[in-house]
Amino acid sequence: MLETSLRTIAAFVLIMIITRILGKHTIARMTYNDFVASITLGSIIGNLAFNTHLKTWPMITSSVIFGGIVYLISVISLKSRKIRKWFAGKPTVVIENGKIMEENLRKIQFTLDTLNQELREKDIFDIEEVQYAILELNGRLSILKKPEYRPLIQKDLQLTNETKIQFPVELIMDGKIMTTNLQQIGLSKEWLSKQLRQRGVTVDEVCYAIRGTHGKLFFDLYHDKIRHPIDQE
């Protein structure tokens, strides 16, 4: 029992040291090299912690050597783009000029269902809006919308920063008034009741209410009165 405890502590300390040496970029992104490194290091450290049939020092040595290899690859990759592309791979264009690149999808075993899911996670429900879509090294999808679907910015409208941006504050959650939040922004329950009366609803009917960044109020009711929901579980 004591040996297992000591090995586990040693494994934890060792993996923390190796992770700190490899740097934040290894955690933030997961390329081919990072994926292989994390699995292998996890396996070695796991055996160090729990497999008492294996001697401790060979496992520690193996962990240090493998960590050194990963670190060396990272350093070399910074200096050579060819080596970096070989170890990390390269981004794949899956939509180009609004056209789906079927051959590229097949190469990376990326289905249309997966592509649609990734687009929806980017708040894109109509693929017609997309000009370019690129699958990055870390497996995330980067999107460039067509010009007519891109949001306007202040520079486009030649606006100034006169509009005050506020932090969004939740007023009602799960049918309960967030009294503390109201007090923090200097509002009262009477004010909130007036807002509810103006909308013809009661607190019990409201699932969620929030004052947005521009001071506008948003109310979501339990009964949304959608006669034909698109999808129901």
Side-chain angles (χ1 to χ4, degrees), residues 15-16 18-45 66-159 161 163 165 167-168 210 212-214 218 220 229-233:
I15 194 65
M16 287 297 293
I18 293 176
T19 304
R20 295 283 292 185
I21 293 174
L22 294 180
K24 293 180 180 178
H25 66 280
T26 305
I27 302 172
R29 57 177 175 80
M30 187 66 74
T31 62
Y32 296 145
N33 178 41
D34 300 321
F35 181 73
V36 172
S38 62
I39 290 178
T40 307
L41 275 173
S43 177
I44 295 174
I45 296 300
F66 192 82
I69 293 173
V70 175
Y71 180 76
L72 182 62
I73 291 174
S74 299
V75 173
I76 296 175
S77 296
L78 289 174
K79 298 181 179 180
S80 173
R81 190 167 186 269
K82 288 184 178 180
I83 294 177
R84 182 165 65 249
K85 287 174 65 177
W86 193 88
F87 278 111
K90 60 181 181 179
T92 303
V93 178
V94 293
I95 296 179
E96 184 173 344
N97 285 325
K99 305 295 183 182
I100 298 175
M101 310 298 290
E102 292 86 358
E103 187 62 29
N104 288 354
L105 288 177
R106 281 194 289 269
K107 287 180 180 179
I108 60 177
Q109 300 179 5
F110 207 74
T111 67
L112 288 173
D113 288 333
T114 305
L115 176 60
N116 282 323
Q117 176 185 331
E118 294 286 341
L119 290 175
R120 289 193 296 271
E121 290 178 356
K122 296 286 185 179
D123 297 326
I124 297 175
F125 288 79
D126 190 348
I127 199 170
E128 186 183 357
E129 299 179 15
V130 181
Q131 184 170 4
Y132 283 95
I134 302 172
L135 189 66
E136 303 291 357
L137 300 180
N138 57 8
R140 296 177 182 174
L141 198 66
S142 296
I143 303 295
L144 176 65
K145 290 185 178 182
K146 294 178 181 177
E148 59 267 32
Y149 295 107
R150 295 173 196 167
L152 290 174
I153 59 176
Q154 288 186 337
K155 184 178 179 181
D156 296 327
L157 300 176
Q158 298 181 350
L159 297 177
N161 285 325
T163 303
I165 302 298
F167 192 82
I210 186 172
T213 54
H214 295 288
F218 170 80
D220 181 79
I230 294 175
D231 192 15
Q232 284 185 329
E233 294 294 338

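Because only heavy atoms are used, hydrogens play no part in the values below, and waters and symmetry mates are left out as well, while side chains stay in.
Within the structure, every pair that satisfies the salt bridge (Lys or Arg N to Asp or Glu O under 4.0 Å) test and touches residues 116-137, not counting sequence neighbours, is listed here: Glu129-Lys145.
Atom-to-atom distance recorded for Ile210:CD1 and Asp220:CG is 11.5 Å, nearest 0.5 angstrom. For the atom pair CG of Leu115 and CG of Leu105, the computed distance is 6.0 Å after rounding to the nearest 0.5 Å. Thr114 contributes atom OG1, which lies 9.5 Å from atom CD1 of Ile108 (distance to the nearest 0.5 angstrom).
Side-chain atoms of Asn104 never come within 3.5 Å of backbone atoms of Thr92 as a donor-acceptor pair (strictly under, hydrogens ignored).
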Distance-only donor-acceptor hits, side chain of residues 94-103, under 3.5 Å, sequence neighbours excluded:
unit_1: Asn97; atom_1: OD1; unit_2: Tyr132; atom_2: OH; d: 3.2
unit_1: Glu103; atom_1: OE1; unit_2: Arg106; atom_2: NH2; d: 2.7

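Heavy-atom minimum distance, Val130 versus Leu119: CG2-CD2, 4.0 Å.
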